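Everything numeric here is computed off the predicted structure, so don't read it as measured data.
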Amino acid sequence: MKIIHTPAVPAPRGHYSQAVEQNGFVFLSGMLPASDTIDPATHDFRQQCEAVFHQCQQVLQAAGCGFGDVVQATAYLVGVENWSLFNEIYASYLGPHKPARAVVPVPALHHGFAVELQLIACVPGGV
C-alpha cells in the first residue's frame with residue numbers, strides 16, 4: 001500500500017492517511033473542508049463545498065489522478081436542503097464524467113462542517 005500525502009491540504013489529525021494507492025486504485029479518506037481559512041460558523045455550504053472539492057483535487061493530483069479518474073464518490077451532507085447545490089457543484093468539477101455515487105444526509109459532521117467527501121479513483125494505466 002502506497003501512502004499519498006500532499007502538503008497542499010491540511011494533514012490528517014487522526015490515525016489515517018489523506019489517501020492510499022493499492023492495486024491501481026486510489027482511496028481518498030473522507031475530506032472535510034477543514035483548513036485555517038474555512039470556519040463552519042462563517043462559511044456557507046457553497047464555500048465549504050468548494051473547499052472540499054479543491055482539497056480532493058489536490059490529493060487526486062498528488063496521486064497522479066483527476067476527477068475524470070474517479071470511479072466512486074460518497075458525500076455526507078448535513079441535512080437534505082443543500083442536496084441540489086451539492087449536485088450543482090459536483091457536476092461543475094466532474095463535468096460529463098458520472099462515476100457511481102452515494103449522497104448520505106447526516107445530522108452532524110465533525111467540527112460542525114456541512115459536507116464531507118470520500119472518493120475512489122483509478123490511476124491512469126494502473127489497472
Side-chain angles (χ1 to χ4, degrees):
M1 181 172 75
K2 178 182 173 186
I3 303 298
I4 307 296
H5 174 80
T6 177
V9 301
R13 294 183 183 170
H15 190 72
Y16 63 95
S17 301
Q18 292 172 340
V20 298
E21 181 183 338
Q22 182 71 33
N23 295 331
F25 288 95
V26 175
F27 301 85
L28 274 71
S29 293
M31 295 281 176
L32 293 167
S35 74
D36 293 336
T37 59
I38 300 293
D39 178 355
T42 58
H43 289 78
D44 65 17
F45 182 81
R46 178 180 291 279
Q47 292 167 314
Q48 289 186 45
C49 210
E50 293 284 352
V52 84
F53 274 94
H54 177 72
Q55 289 180 6
C56 286
Q57 187 173 42
Q58 297 300 308
V59 175
L60 286 169
Q61 286 177 350
C65 300
F67 283 115
D69 302 306
V70 172
V71 295
Q72 201 280 328
T74 303
Y76 302 93
L77 308 181
V78 174
V80 295
E81 62 275 3
N82 290 313
W83 195 309
S84 61
L85 180 53
F86 171 80
N87 205 48
E88 174 190 317
I89 295 167
Y90 179 90
S92 74
Y93 277 87
L94 276 83
H97 182 63
K98 294 182 178 181
R101 183 182 90 175
V103 178
V104 183
V106 296
L109 288 169
H110 202 50
H111 303 297
F113 288 106
V115 60
E116 182 173 353
L117 186 60
Q118 183 179 18
L119 303 174
I120 299 172
C122 185
V123 177
V127 177

Query raised in the report: For Ser17 and Ile3, which heavy atoms make the closest approach, and how far apart are they?
Result: OG-CD1, 3.4 Å

Query raised in the report: Any idea how Phe86 and Phe53 line up, ring-wise: parallel (<30°), tilted (30 to 60°), or perpendicular (>60°)?
Result: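 If you compare the ring of Phe86 with that of Phe53, the planes turn out tilted.
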
Requested in this report: With rounding to the nearest 0.5 Å, note down the distance linking NE2 in His97 to OH in Tyr90.
Outcome: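 One finds 7.0 Å between NE2 of His97 and OH of Tyr90.
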
Do [X] and [Y] come close enough that some side-chain heavy atom pair is under 4.5 Å?
X	Y	result
Pro33	Gln47	no
Cys65	Val123	yes
Gln18	Pro12	yes
Val70	Arg101	no
Asp69	Leu60	no

Query raised in the report: Please, which pairs that meet salt bridge (charged side-chain N to carboxylate O under 4.0 Å, His left out) have at least one residue in residues 47-56, sequence neighbours excluded?
Result: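 Passing the test, one end in residues 47-56: no pairs.
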
Report task. Hey, could you give me each pair passing side-chain hydrogen bond (donor to acceptor under 3.5 Å, both in side chains) that has a residue in residues 72-82? Not counting sequence neighbours. Result ->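 Non-adjacent pairs meeting side-chain hydrogen bond (donor to acceptor under 3.5 Å, both in side chains): Gln72-Thr74.
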
Would you list the atom pairs, donor with acceptor, under 3.5 Å between side chains in residues 106-120 and any protein atom, with sequence neighbours excluded?
none

Query raised in the report: Is there a donor-acceptor pair closer than 3.5 Å between any side-chain N or O of Gln61 and the backbone N or O of Gln58?
Result: no

Report task. Verify, without hydrogens or angle tests, whether Gln48 (side chain) and His43 (backbone) share a donor-acceptor contact under 3.5 angstrom. Result ->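 Yes; at least one donor-acceptor contact below 3.5 Å.
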
Query raised in the report: Under the side chain to side chain contact (heavy atoms under 4.5 Å, CB included) criterion, do Cys56 and Leu28 qualify, and how do the steps go?
Result: CA-CA 8 Å; Cys56 286; Leu28 274 71; 4.1 Å; yes

Report task. Consider only side-chain heavy atoms of I, L, V, M, F, W and Y, link residues closer than 4.5 Å, and tell whether Tyr16 and Met31 are in one cluster. Result ->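 No, separate clusters.
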
